Amino acid sequence: MKQFFTAGILAWNELHNDRSMPWKKEKDPYRIWLSEIILQQTRVEQGRPYYERFIAAYPAITDLAAAPDEEVFRLWQGLGYYARCKNMLAAARTVAQQHQGRFPDTYEGITALKGVGAYTAAAIASFAYNLPHAVLDGNVYRVLARFFGIDTPTDTTAGKKLFTQLAQDVLPGQQAGTYNQAIMDFGAVVCKPQTPLCKSCRLSSQCEAFQKGLTDLVPVKSKKLRIKKRYFYYLLSGNGSLRYVRKRTGKDIWQNLHEFPMIETPAPVTDAELLSLPAFRALAGPGNIRIESASPEKKQQLTHQTIHARFLRIGPETEVLPPEGFRAVSAAELDRLAFPKIIVDFLKG
DNA sequence: AATTCGGGGGC
DNA sequence: GCCCCAGAATT
């Protein structure tokens, strides 16, 4: 059964390996690593333009390692999961400074890099060096769960262990790179999450889920998502084109991105309530006692929370100092700083 | 072991 | 609205 599976994946790939990716047939470990970091929890079509821009800006990993933090975060702006960007920079600098700019060529060396977990290490090791490590991503979980009829939840320790072992069992050791790309392509193109193409699937005759009509029931996830609501009120004082900004540094969303002076509340508040908050007084200064104009509410859906934001122009004072912790920046400098999408959209007008 | 980290796209 | 995406780090 396992041999049938492996042979089927490889055979499918021989006829359908036409899914074009910028890094297919790529052997430069830097490019493979970069693409894999960008594609973590990210659709290929969303990540592709970022990959192209990063390669153009930083042809070698030493170029990336030498780049200023802010320039790199600006290039990452809009891609999400910003810890990836921070870890990517750290890893690039590790390679540049501790490995003389040469990307590590062992599984242990690769997995020691920041931001490189089990999946990414296996992907780099197999794609760049054909080392026999099986990738285990969302595609692989789904394909294995369906073909072998496994209903163990994938988001548990037991599930991860079981699927990791199975993925390694069905890996053809001599063709690790080709096979790893093949099973992920197969999962994306044939064994899709919704409406998989079972009628034309060469594995369906031995597919446990298809034979039992369970393709919609596996893979299983055990956890349910809880989404909180948060209300952000951004305060803009009327000082020409200057903006007051600071970098977000707390243990919260959007680390290393910038923001305007802002008040957060756990529930919506009226303009009058906002004006009466001590936090408003502290941020606005004594000269700003009213809301001159306000944007309609904008929403931003994150994985675990919904952000409701309004942008409020406050007045009447125009010559005020930046609030504590903020600095004044020109429009030109704003273009070089990274912001969360909800602020990027506001700045675009 | 559970939680948290964006943003986009499909249905 | 809900689920998923070439997952990893932190708590």
Side-chain angles (χ1 to χ4, degrees), chain A residues 19-24 26 32-51 73 76-88 90-91 110-127 133-143 153-161 163-164 167 177 179-189 191-196 216 219-228 230 248 250-257 299-307 338-345:
Chain A
R19 194 175 181 225
S20 92
M21 315 270 216
W23 54 92
K24 262 193 180 173
E26 181 59 62
I32 294 168
W33 163 74
L34 176 63
S35 71
E36 293 301 338
I37 299 299
I38 287 174
L39 290 172
Q40 285 168 2
Q41 289 295 286
T42 303
R43 292 171 185 274
V44 171
E45 292 316 314
Q46 185 187 0
R48 188 193 303 270
Y50 285 86
Y51 173 79
F73 274 98
W76 193 276
Q77 174 177 283
L79 194 52
Y81 283 167
Y82 297 92
R84 289 185 294 168
C85 185
K86 176 186 174 186
N87 290 331
M88 174 184 74
I110 295 166
T111 200
L113 298 173
K114 293 279 191 189
V116 175
Y119 162 79
T120 303
I124 298 169
S126 64
F127 297 165
H133 296 271
V135 294
L136 183 55
D137 76 331
N139 293 302
V140 179
Y141 274 120
R142 185 171 57 255
V143 173
T154 57
D155 56 347
T156 61
T157 302
K160 287 191 180 80
K161 187 174 177 183
F163 282 95
T164 297
Y179 167 85
N180 275 338
Q181 288 194 11
I183 189 172
M184 290 191 285
D185 279 353
F186 180 82
V189 174
C191 199
K192 300 181 294 178
Q194 270 80 35
T195 62
D216 291 344
V220 174
K221 283 192 177 180
S222 62
K223 300 181 181 66
K224 296 158 198 164
L225 208 51
R226 292 172 191 270
I227 300 178
K228 298 174 186 172
R230 300 172 71 177
R248 290 178 64 90
K251 284 187 265 189
D252 196 359
I253 58 172
W254 299 332
Q255 270 184 55
N256 292 295
L257 303 193
K299 276 200 292 187
Q300 170 82 35
Q301 187 61 50
L302 308 184
T303 301
H304 290 90
Q305 44 193 298
T306 305
I307 309 299
F339 291 91
K341 171 179 167 54
I342 202 160
I343 294 180
V344 172
D345 287 349

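Predicted model, so just to flag it, every value in this text is computed and none were measured. Every chain is numbered from 1 and lettered A, B, ... according to where its sequence line falls, protein lines coming before strand lines.
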Check your understanding: Is it true that atom NZ of K221(A) has more than 12 heavy atoms of other residues, nucleotides or ligands lying nearer than 6.0 Å?
Key -> no
How many Å lie between [atom1] on [X] and [atom2] on [N], as a whole number?
X: L79(A); N: dG7(B); atom1: CG; atom2: P; value: 9 Å
X: I227(A); N: dT4(B); atom1: CD1; atom2: P; value: 12 Å
X: Q301(A); N: dG9(B); atom1: CD; atom2: P; value: 15 Å
X: N256(A); N: dG6(B); atom1: CG; atom2: C1'; value: 14 Å
X: W254(A); N: dT4(B); atom1: CH2; atom2: P; value: 16 Å
X: R48(A); N: dG9(B); atom1: CZ; atom2: P; value: 14 Å
X: K224(A); N: dC3(C); atom1: NZ; atom2: P; value: 10 Å
X: K86(A); N: dC5(B); atom1: NZ; atom2: P; value: 14 Å

Exercise for review: Return yes if a side-chain donor-acceptor contact under 3.5 Å exists between Y119(A) and E36(A), otherwise no.
Suggested key: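 A pair is found: one side chain offers a donor N or O, the other an acceptor, under 3.5 Å apart.
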**Study point:** Check: Q46(A) side chain, dG7(B) base, donor-acceptor under 3.5 Å
**Key:** yes
Within the side chain of [X], is there an N or O that forms a donor-acceptor pair under 3.5 Å with the backbone of [Y]?
X: N180(A); Y: S126(A); value: no
X: R248(A); Y: L257(A); value: no
X: R230(A); Y: Q305(A); value: no
X: E26(A); Y: I32(A); value: no
X: Y50(A); Y: Q77(A); value: yes

**Study point:** Under 4.0 Å protein heavy-atom contacts per nucleotide of nucleotides 6-11 of chain C, with B for base, S for backbone only and - for none
**Key:** BBSS-S
Just to be sure I understand the rule, does [X] reach a base, reach only the sugar-phosphate, or reach nothing, if contact means heavy atoms closer than 4.0 Å?
X: D252(A); answer: sugar-phosphate
X: G187(A); answer: nothing
X: Q300(A); answer: sugar-phosphate

[X] side chain N/O closer than 4.0 Å to the phosphate oxygens (OP1, OP2) of [N]?
X: Y141(A); N: dC4(C); answer: no
X: K192(A); N: dC5(C); answer: no
X: Q305(A); N: dC5(B); answer: yes

Check your understanding: Taking for each residue the nucleotide of DNA chain B with the nearest heavy atom, is it T195(A) or Y82(A) whose nucleotide lies nearer the 5' end?
Key -> Y82(A)
Exercise for review: Write out the stems for DNA chain B, ordered by first number and formatted as range with range, counting runs of at least 3 consecutive Watson-Crick or G-U wobble pairs under 3.5 Å.
Suggested key: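 So the stems come out as B:1-5 with C:7-11, B:7-11 with C:1-5.
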Practice item. Verify side chain to side chain contact (heavy atoms under 4.5 Å, CB included) between W33(A) and I110(A), making sure each step is shown before the conclusion. Key: CA-CA 9 Å; W33(A) 163 74; I110(A) 295 166; over 6 Å; no
Exercise for review: Could you pick out which residue, K299(A) or P219(A), lies toward the 5' side of DNA chain C when each is mapped onto its nearest nucleotide?
Suggested key: K299(A)
Practice item. Step by step, work out the side chain to side chain contact (heavy atoms under 4.5 Å, CB included) result for L34(A) and M88(A). Key: CA-CA 8 Å; L34(A) 176 63; M88(A) 174 184 74; 3.7 Å; yes
In whole angstrom, give me the gap between the [atom1] atoms of [N] and [M].
N: dG9(B); M: dA8(C); atom1: P; result: 23 Å
N: dA9(C); M: dG8(B); atom1: C1'; result: 23 Å
N: dA6(C); M: dC5(B); atom1: P; result: 22 Å

Point to revise | Test item: N87(A) and Y81(A) side chains (from C-beta on) under 4.5 Å apart, heavy atoms | key: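 They are not in contact (no side-chain heavy atoms under 4.5 Å apart), so the answer is no.
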